[in-house]
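To start, the structure itself, in structure tokens.
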Amino acid sequence: MKPHNVCILGATGSIGDSTLDVIARNAGRFRVVALAAHRNVEKLADQCARFGARLAVIADPSLEGELQAALRARGADSEVLSGPAGLLHAAGMEEIDIVMAAIVGAAGLEPAFRAAQRGKRILLANKESLVIAGEVFMAEARRNDARILPVDSEHNAIFQSLPAGFEQGLDGAGVERIILTASGGPFLELAASELGRVTPAQACKHPNWDMGRKISVDSATLMNKGLEVIEARWLFNARPDQIEVLIHPQSIVHSMVSYRDGSILAQMGTPDMRTPIAHALAWPERIDAGVERLDLARMNDLEFRQPDLERFPCLGLAFEAMRRGDSAPAALNAANEVAVEYFLEGRLGFDRIPQLVAAVMDRVAIVPLTGLEDVLEQDRTARRIAQEHAVTLQ
Ligand code: NAD
Ligand code: MG
């Protein structure tokens with residue numbers, strides 16, 4: 001069998017690492033052709049040397065020379081590109097079959113969109129792309145026969161639990177509801193009055209998953225689940241009333257699909273992103289992911305409960321943005337990215353994150369989105385409003 005050529009956008013991150021680990025376990029099946037990262041020159045050079053990547057892209061153009069030197073020092077002959085154009089080139093290269101979209105935040109949208117334009121198999125970890133540009137992105141993928149395979153563990157679980165042909169409509173497939181599970185994050189049991197005092201280090205220490213800093217904070221506010229609700233709407237062609245969230249602190253059931261006849265199908269596994277990554281890489285086949293097996297005989301404490309929207313208002317804000325539609329989710333995402341960045345820099349309290357998002361949602365004009373340019377403009381506008389308003393909360 002001819003190996004599949006892979007491009008990893010966000011190669012140096014948590015998802016990038018796990019993807020390369022799965023690929024290394026299945027050498028011969030995949031060939032790493034292009035790797036891209038933001039600023040981590042040394043790690044990117046190591047990865048390119050180890051996997052023999054033909055193209056290395058560094059998003060920060062000022063680091064192009066450093067990357068060239070780092071590659072030379074390792075005896076690697078990867079071609080080097082940089083900046084937004086480099087990312088677009090990597091995502092759209094003729095010879096690439098599979099694009100792992102694992103850049104964090106709105107920065108991942110344009111390269112993932114390019115992969116959709118070029119009809120690639122897109123392994124989508126960058127949920128923000130679908131939150132901001134859902135309708136536009138899905139339409140572009142359909143137009144070019146690009147297949148989107150969800151890597152987010154919940155969406156991968158749902159994808160595994162849905163019947164073939166669900167894209168034509170969940171009703172016709174006998175599906176009543178999609179149930180996204182949420183661990184609840186590190187502050188699940190913390191009193192509301194304590195939330196103002198938590199530190200970035202505490203927020204980034206997730207009980208079950210080891211992830212990048214931004215998504216870790218999103219998990220702690222439950223905004224991550226809110227973004228995932230919107231992501232699910234587009235991936236599975238679901239109506240807002242067909243999506244539900246349940247807190248499941250053990251992170252063993254990764255999500256569920258509830259059918260008209262009363263059946264509920266769930267996907268389970270140890271919380272390790274290599275399972276959904278391996279599933280999406282090899283789909284519809286199954287490959288080794290190096291993941292520890294669940295010890296089911298010891299699983300006697302699986303709990304499920306309703307989320308507390310008062311202590312975690314971000315989830316409610318996301319549901320509201322989904323129901324409003326148009327540019328509302330893009331504004332929600334932009335405000336959240338600004339809020340999380342400020343929180344991580346120590347400029348904003350943890351409890352101010354939902355306040356800033358709510359304030360932006362009140363102030364921003366919600367408009368229909370017709371194309372990528374539109375989406376990017378709404379993203380910029382909401383960011384500006386968030387930055388201006390943040391001053392009043394600091
Ligand atoms: P991370 O912070 O560990 O890695 C982010 C990667 O993106 C890095 O390689 C970084 O170099 C690159 N990057 C950052 N800004 C960039 C820019 N402006 N231009 C180009 N590259 C840039 O994040 P992560 O945890 O790997 O998450 C990546 C994406 O996957 C996020 O959208 C996240 O929501 C999603 N996701 C992650 C997990 C997880 O377990 N880590 C699970 C589900 C979904
Ligand atoms: Mg997830």
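First listed ligand is number 1; within each ligand, the first listed atom is number 1.
Residue contact annotation: Ala11 has a non-hydrogen atom under 4.0 Å from ligand 1. The closest approach between Asn40 and ligand 1 stays at or above 4.0 Å for every heavy atom of the residue.
Here the heavy atom of the protein found nearest to atom 12 (C) of ligand 1 is Gly10 CA, 3.9 Å. Among protein heavy atoms, the minimum distance from atom 38 (C) of ligand 1 is reached at Ile15 CD1, 3.5 Å. Of the protein's non-hydrogen atoms, the one nearest atom 41 (N) of ligand 1 is Ser14 OG, 3.1 Å. In terms of protein heavy-atom proximity, atom 5 (C) of ligand 1 is closest to Val104 CG1, 3.8 Å. The protein heavy atom nearest to atom 13 (N) of ligand 1 is His38 CB, 3.5 Å. Of the protein's heavy atoms, Ala102 O, 3.3 Å lies nearest to atom 28 (C) of ligand 1. Glu128 OE1, 2.7 Å is the protein heavy atom nearest to atom 32 (O) of ligand 1. The closest protein non-hydrogen atom to atom 33 (C) of ligand 1 is Ile215 CD1, 3.9 Å.
Remark: Glu167 CD to Leu170 CG distance equals 9.5 Å, nearest 0.5 Å. Going from atom CD of Glu303 over to atom CD1 of Ile247 covers 10.5 Å, rounded to the nearest 0.5 Å. One finds the CG atom of Asp241 at 8.5 Å from the CE atom of Met322 (value rounded to the nearest 0.5 Å). Distance check: His254 NE2 to Thr275 OG1 gives 7.0 Å after rounding to the nearest 0.5 Å. Distance CE/Met100 to CG/Leu9: 9.5 Å, rounded to 0.5 Å.
For ligand 1 and Ala107, the ligand atoms under 4.0 Å from any heavy atom of the residue are 17 (C), 18 (N). Within ligand 1, the atoms closer than 4.0 Å to a non-hydrogen atom of Ala125 are 30 (O), 32 (O), 35 (C), 36 (N), 44 (C), numbered from 1 in the order shown. Atom numbering of ligand 1 starts at 1 in the shown order; those under 4.0 Å from a heavy atom of Met273 are 40 (O), 42 (C), 43 (C). Which parts of ligand 1 touch Asn126 is read off a 4.0 Å heavy-atom cut-off, strictly below it: atoms 32 (O).
Using a 4.0 Å cut-off between a side-chain N of Lys or Arg and a carboxylate O of Asp or Glu, Glu194 and Arg311 do not qualify as a salt bridge. Using a 4.0 Å cut-off between a side-chain N of Lys or Arg and a carboxylate O of Asp or Glu, Asp46 and Arg74 qualify as a salt bridge. The pair Glu140-Arg143 meets the salt-bridge criterion, since a charged nitrogen lies less than 4.0 angstrom from a carboxylate oxygen.
Between the side chains of Arg384 and Gln387, not a single donor N or O lies within less than 3.5 Å of an accepting N or O.
No option in Arg31, Glu94, Glu95 other than Arg31 meets the side chain to side chain donor-acceptor pair (under 3.5 Å) test with Asn5.
For a threshold of 3.5 Å applied to N or O pairs, the pair formed by Thr12 and ligand 1 contains at least one separation below that value. Residue Arg39 has no nitrogen or oxygen atom sitting less than 3.5 Å from a nitrogen or oxygen atom of ligand 1, judged on distance alone.
By the 30° and 60° cut-offs, the orientation of the rings of His155 relative to Phe236 is parallel. In this structure, His248 and Phe304 have parallel ring planes: the angle between them is below the 30° cut-off, well short of the 60° mark.
When Pro276, Ala59, Pro150, Gly13 are ranked by how near their heavy atoms come to atom 19 (N) of ligand 1, first place goes to Ala59. Which of Ser153, Gly212, Ser219, Ala37 comes nearest to atom 24 (P) of ligand 1 through a heavy atom is settled by distance: it is Gly212. Checking Val131, Asp152, Val151 against atom 44 (C) of ligand 1, the nearest heavy atom belongs to Asp152.
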For this session: Run the numbers on Asp17 and Lys43 for salt bridge (charged side-chain N to carboxylate O under 4.0 Å, His left out), then give the verdict.
Result: CA-CA 10 Å; Asp17 272 340; Lys43 183 164 178 180; 2.9 Å; yes
For this session: Please test Arg50 against Gln47 for side chain to side chain donor-acceptor pair (under 3.5 Å), starting from the C-alpha separation and ending with a verdict.
Result: CA-CA 5 Å; Arg50 172 160 178 227; Gln47 293 176 329; over 6 Å; no
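The backbone and the side chain of Ile103 each have at least one atom closer than 4.0 Å to an atom of ligand 1 (non-hydrogen atoms only).
Within Glu228, the N, O or S atom lying nearest to the Mg ion (ligand 2) carries the name OE2. Nearest to the Mg ion (ligand 2), among the N, O or S atoms that Glu154 has, is OE1. The Mg ion (ligand 2) lies closest to atom OD1 when only the N/O/S atoms of Asp152 are considered.
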